[in-house]
Amino acid sequence: MLIKEPIGRKMDKIGKMFQSKLQNDLKHLDIDRSFYPLLLIEAGNGITQQELASRLLCDKVQVVRIIDYLSSNGYVERIQNQTDKRKYELAITDKAREVLPKIKKAIKDTTSVALNCLSDNQINELYSLLSMIENN
């Protein structure tokens, strides 16, 4: 097998380029790089910080920093779980609901730019191959 560049390096580079464009497109928002966690919180219906850490594949300390950042900027609030006082569920605020359509559009537009040189079949194959790599 011929390996030109480590696959992790290539995917990391693409991810950074994607994130940089996304940040530039959304620089008018006071949300910096925490776009994706906000989408997971929106879809999570009471997701906890620990569940968010698991979905993001990062440690709890990183998630606390992300949530502190989103909370201090008015996008997320922590709600104490009524049955287990040690747990806090995360909820998006009205401010987040207002900007989420802009974030989703920017993600869609950035993805379209990245994939515009590929046919629909190639895009499907790419996602299939990436899923296979992810499952390995």
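These numbers come from the heavy atoms of this one structure, side chains and all, not from hydrogens, waters or symmetry mates.
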Practice problem: State which residues pass side chain to side chain donor-acceptor pair (under 3.5 Å) with Lys105; sequence neighbours excluded, sorted by chain then number. | Solution: Asp109
Practice problem: Identify the heavy atoms of Tyr69 and Asp30 that sit nearest to each other, and give their distance. | Solution: OH-O, 3.6 Å
Quiz item: What closest approach, in Å, do Phe18 and Ile107 show between heavy atoms, and which atom pair accounts for it?
Solution: CZ-O, 4.0 Å
Quiz item: Which residues pass the side chain to side chain donor-acceptor pair (under 3.5 Å) test with Lys102, sequence neighbours left out?
Solution: none
Quiz item: Same cluster for Val63 and Ile47 if Ile/Leu/Val/Met/Phe/Trp/Tyr side chains link at under 4.5 Å?
Solution: yes
Quiz item: Is the number of heavy atoms from other residues, nucleotides or ligands within 6.0 Å of NZ (Lys95) greater than 12?
Solution: yes
Quiz item: When you measure from the side chain of Thr110 to the backbone N and O of Ala106, does any donor-acceptor pair fall under 3.5 Å?
Solution: yes
Quiz item: Taking ILVMFWY side chains as joined if any heavy atoms are under 4.5 angstrom apart, and letting links pass through other members, which residues group with Leu129?
Solution: Met132
Self-check item: Gap separating the NZ atom of Lys27 from the CD atom of Gln23, nearest 0.5 angstrom
Solution: 11.0 Å
Quiz item: What about Ile103 and Met17, same hydrophobic cluster or not, with Ile/Leu/Val/Met/Phe/Trp/Tyr joined at side-chain heavy-atom distances under 4.5 Å?
Solution: no
Quiz item: Would you say Ser128's side chain and Asn124's backbone share a donor-acceptor pair under 3.5 angstrom?
Solution: no
Quiz item: Roughly how far, to the nearest 0.5 Å, is CG of Asn81 from OH of Tyr88?
Solution: 10.5 Å
Exercise. Quick one: which residue pairs count as a salt bridge (charged side-chain N to carboxylate O under 4.0 Å, His left out) with a foot in residues 112-133, not counting sequence neighbours?
Key: none
Quiz item: For Lys21, what residues pass the side chain to side chain donor-acceptor pair (under 3.5 Å) criterion, not counting sequence neighbours?
Solution: Asp25
Quiz item: What's the spacing between Leu56 CG and Leu40 CG if we round to 0.5 Å?
Solution: 5.5 Å
Quiz prompt | Minimum heavy-atom distance Arg78-Val64, with the two atoms named | solution = NH2-O, 3.7 Å
Quiz item: Are Tyr36 and Leu22 close enough, and set up right, to give a side chain to side chain contact (heavy atoms under 4.5 Å, CB included), and what steps lead you there?
Solution: CA-CA 11 Å; Tyr36 188 65; Leu22 194 56; over 6 Å; no
Quiz item: For atom NZ of Lys85, is the number of surrounding heavy atoms from other residues, nucleotides or ligands below 6.0 Å larger than 12?
Solution: yes
Practice problem: Apply side chain to side chain contact (heavy atoms under 4.5 Å, CB included) to the pair Tyr75 and Ile41, showing each step before the final yes or no. | Solution: CA-CA 10 Å; Tyr75 290 101; Ile41 294 165; over 6 Å; no
Quiz prompt | Worked check of side chain to side chain contact (heavy atoms under 4.5 Å, CB included) between Lys60 and Gln50 | solution = CA-CA 6 Å; Lys60 294 177 205 171; Gln50 187 165 348; 4.2 Å; yes
Quiz item: So does Glu98 have more than 12 non-hydrogen atoms from other groups sitting under 6.0 Å from CD?
Solution: no
Quiz item: Under the side chain to side chain donor-acceptor pair (under 3.5 Å) test, which residues partner Asp59, sequence neighbours left out?
Solution: none
Quiz item: Given the rule that I, L, V, M, F, W and Y join up when any side-chain heavy atoms are under 4.5 Å apart, are Met11 and Ile123 in one cluster?
Solution: yes
Quiz item: In terms of hydrophobic clusters joined by side-chain contacts under 4.5 Å, are Val99 and Ile66 together?
Solution: yes
Quiz prompt | Contact summary for Val76 and Thr93, nearest pair of heavy atoms | solution = N-CG2, 3.8 Å
Quiz item: Ile67 and Leu52: which non-hydrogen atoms are nearest, and at how many Å?
Solution: CD1-CD2, 3.6 Å
Exercise. Treat each ILVMFWY residue as a node, draw an edge where side-chain heavy atoms are under 4.5 Å apart, and state whether Leu118 and Leu130 are in one component.
Key: yes
Self-check item: Side-chain (Asn24) to main-chain (Ser20) donor-acceptor, under 3.5 angstrom
Solution: no
Exercise. Identify the heavy atoms of Arg97 and Pro101 that sit nearest to each other, and give their distance.
Key: O-CD, 3.3 Å
